[in-house]
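Right, one structure below, let's go through it.
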Amino acid sequence: MKITKANGKVEYTLIENLKLRSQETDRKIVKRVSNIINSVKEDGDEAVREYTVRFDGALPKKFVVEKEELKAYLNEADEDFRNALERAKTNIYDFHSRQIQQSWMTTKENGVIMGQRVRGLEKVGIYVPGGTAAYPSSVLMNAIPAKIAGVKEIIMVTPPGKDGYPNPSIMAAAAIAGVDKVFLVGGAQAVAALAYGTEKIPKVDKIVGPGNIFVATAKRQLYGVVDIDMVAGPSEILIVADKTADPSFLAADLMSQAEHDRLASAILLTTSGDIAKSTLHEIDRQIKYLERKEIIRESLDNYGEIIVCESIDQAIKFANELAPEHLELCVSEPMKYIGRIDNAGSVFLGNWSPEPLGDYYAGPNHVLPTSGTARFFSPLSVDSFIKKSSFIYYTSNELGNAKDDIIKLAETEGLSAHANSIKVRFK
């Protein structure tokens with residue numbers, strides 16, 4: 001990991017290098033995923049079983065875990081872990097409950113009635129990775145907003161472990177989050193099964209949740225057949241720090257994201273050369289004690305950087321250009337700058353609001369836009385699980401008042417049947 005000085009070029013070259021991580025998926029993977037999707041579409045559960053044996057080595061001991069069975073996993077979980085999940089759930093629920101939208105209707109004096117109806121989706125599928133990338137926190141972050149939105153049924157898919165059984169921590173989180181049913185299947189075949197439905201796995205309206213390149217590619221290919229949350233790229237953190245920041249904190253926070261993935265990016269922008277050097281020293285000191293140090297080293301070497309900026313203003317300008325997934329403002333007056341951060345998935349203010357606080361506990365969602373898509377995408381929320389429809393009621397008098405304008409617009413567009421639909425009512 002190197003230290004460079006911002007000069008109007010080096011920092012923007014970094015953005016271009018980071019974009020290379022998110023280029024189009026390998027054509028061989030696209031083709032393989034396409035074949036899996038078509039097989040599941042045509043052969044249903046038989047194809048799902050075939051791919052499960054091929055990729056996981058064997059069928060799970062049990063294909064489906066019902067809601068009542070999830071409670072048993074929760075009861076058997078470590079008490080401290082269970083209590084931590086419950087407290088995290090409370091915070092996540094409190095934050096997301098403020099996002100609820102209401103249906104509305106307005107009646108005008110002329111008798112016209114218009115409005116909008118807001119309701120939750122019927123069925124939602126949540127993909128949860130298994131194995132070494134098993135994250136119970138993701139179950140909470142995906143399922144709780146869906147429950148608040150009024151989703152009628154939440155179906156979770158997750159690959160079984162090598163022993164054929166599910167990850168017990170994920171099952172405990174599913175119980176707390178209110179998941180209705182879990183199917184022990186993973187990969188592109190699980191995504192396809194949720195999108196099209198099989199004999200046993202119900203068809204859903206939307207699929208959310210992280211996964212490997214095969215899962216992400218399947219979600220991308222099936223968008224339109226089913227809605228998805230987003231196609232997530234490698235994890236990212238950008239920290240803006242002034243001379244008041246603690247280098248040991250900065251180093252720890254950078255590495256907290258670097259450990260996710262060899263393709264993860266961790267960038268520090270600071271106005272202090274001394275902070276830059278001390279942070280690099282702290283990384284060298286702390287990394288020795290971390291379990292995933294090889295992944296962290298590769299991530300920082302390839303996609304990490306410390307850039308010394310002339311001012312906080314310059315750093316914020318760069319932050320908005322990069323549009324990072326996570327942005328920490330480790331400065332003396334962080335609230336002074338929050339109104340100027342236009343492009344970021346989630347913003348962490350001050351030295352005592354580290355990114356893992358958002359990952360697990362504070363309440364805001366940790367499913368965030370990556371790869372610069374925070375310029376136009378938002379975090380997962382209650383809004384992600386609702387649909388809206390409008391309604392209109394006109395009286396004959398009011399349609400008569402509007403008919404000439406409607407006919408004129410329709411005829412201008414060359415749509416005479418549209419115009420006729422209005423004319424026929426006033427013959």
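Excluded from the calculations below are hydrogen atoms, water molecules and symmetry mates; all remaining heavy atoms, backbone and side chain alike, are included.
- Using cut-offs of 30° and 60° on the angle between ring planes, the pair F318 and Y12 is perpendicular.
- Listed by first then second residue, pairs satisfying ring-ring contact (aromatic ring centres under 6.0 Å, His included) with a partner in residues 61-94 read F63-F183, not counting sequence neighbours.
- Residues that satisfy the salt bridge (charged side-chain N to carboxylate O under 4.0 Å, His left out) test with R87, not counting sequence neighbours, are absent from this structure.
- With sequence neighbours left out, E109 forms a side-chain contact (heavy atoms from CB on, under 4.5 Å) with no residue at all.
- Partners of Y223 under the ring-ring contact (aromatic ring centres under 6.0 Å, His included) rule, at least two apart in sequence or in another chain, do not exist in this structure.
- Every pair tested for ring-ring contact (aromatic ring centres under 6.0 Å, His included) that includes a residue from residues 139-180 fails, sequence neighbours excluded, so the list is empty.
- Residues forming a side-chain contact (heavy atoms from CB on, under 4.5 Å) with A175 (at least two apart in sequence, or on another chain): L70, L74.
- Taking N401 as the reference, E398 meet the side-chain contact (heavy atoms from CB on, under 4.5 Å) condition, with sequence neighbours excluded.
- Partners of W104 under the ring-ring contact (aromatic ring centres under 6.0 Å, His included) rule, at least two apart in sequence or in another chain, do not exist in this structure.
- Take F249 and apply the ring-ring contact (aromatic ring centres under 6.0 Å, His included) test, not counting sequence neighbours, and it matches W352.
- A 6.0 Å sphere centred on CD of E199 holds more than 12 heavy atoms belonging to other residues, nucleotides or ligands.
- Evaluation of the side chain to side chain donor-acceptor pair (under 3.5 Å) rule for E411 yields K423 as partners, not counting sequence neighbours.
- When the side-chain contact (heavy atoms from CB on, under 4.5 Å) test is applied to T412, the partners found at least two apart in sequence or on another chain are K408.
- Using a cutoff of 4.0 Å between basic side-chain nitrogens and carboxylate oxygens, K123 and D205 are not scored as salt-bridged.
- Qualifying side chain to side chain donor-acceptor pair (under 3.5 Å) partners for R297, counting only residues two or more places apart in sequence or in other chains: E294.
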